[in-house]
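The block underneath contains the structure these notes are about, expressed in structure tokens.
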Amino acid sequence: MGGQVDEAVSGWVERRVPPPFGRGETQVKILLLGHDGQIGAELRAPLAGAGELTALSYPDVDFCRPDELRCTIRRVCPDLIINAAAYTA
């Protein structure tokens, strides 16, 4: 499954995120939320190769605290946000 994810992510980034990303940078800044879950773990490697990756999960970011989430997004200033987080009861 990893190869399919790698191809899908790199193809998407190449088609959808043309340089220079509005800030003169050479890499897209990606924020991956929920990096330690099943989906996030599959996305982590191909996304790392696609740009500058910041990968966070709870307790680094808490969706129950919107102000904290907003501050994290402003601090990272990503070009792309991928939410792979899930609620587990």
Got a sec, which pairs hit salt bridge (Lys or Arg N to Asp or Glu O under 4.0 Å) with one end in residues 80-89, sequence neighbours left out?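 For residues 80-89: none.
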Testing Leu80, Val28, Leu32 one by one against Leu53 for a side-chain contact (heavy atoms from CB on, under 4.5 Å), which residue passes?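 Among the candidates, only Leu32 passes.
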As an exercise, state the distance from CG of Leu47 to CD of Glu52, rounded to the nearest 0.5 Å.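 The CD atom of Glu52 is 13.0 Å from CG of Leu47, to the nearest 0.5 Å.
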Rounded distance [0.5 Å steps], CD1 in Ile81 versus CD1 in Ile30: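 Those atoms lie 11.5 Å apart.
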Donor-acceptor pairs are to be reported for all side-chain atoms of residues 55-63 against protein atoms at under 3.5 Å, with residues two or more places apart or in another chain.
from: Ser57; atom 1: OG; to: His35; atom 2: N; distance (Å): 2.8
from: Ser57; atom 1: OG; to: Asp36; atom 2: N; distance (Å): 3.1
from: Ser57; atom 1: OG; to: Asp36; atom 2: OD1; distance (Å): 2.8
from: Asp62; atom 1: OD1; to: Cys64; atom 2: N; distance (Å): 2.9

Can you name the side-chain contact (heavy atoms from CB on, under 4.5 Å) partners of Ile39, sequence neighbours left out?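 Applying side-chain contact (heavy atoms from CB on, under 4.5 Å) to Ile39 gives Leu43, Ala84.
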Test: side chain to side chain donor-acceptor pair (under 3.5 Å). Region: residues 64-73. Which pairs qualify, not counting sequence neighbours?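 Of all non-adjacent pairs touching residues 64-73, those that pass side chain to side chain donor-acceptor pair (under 3.5 Å) are Asp67-Arg70.
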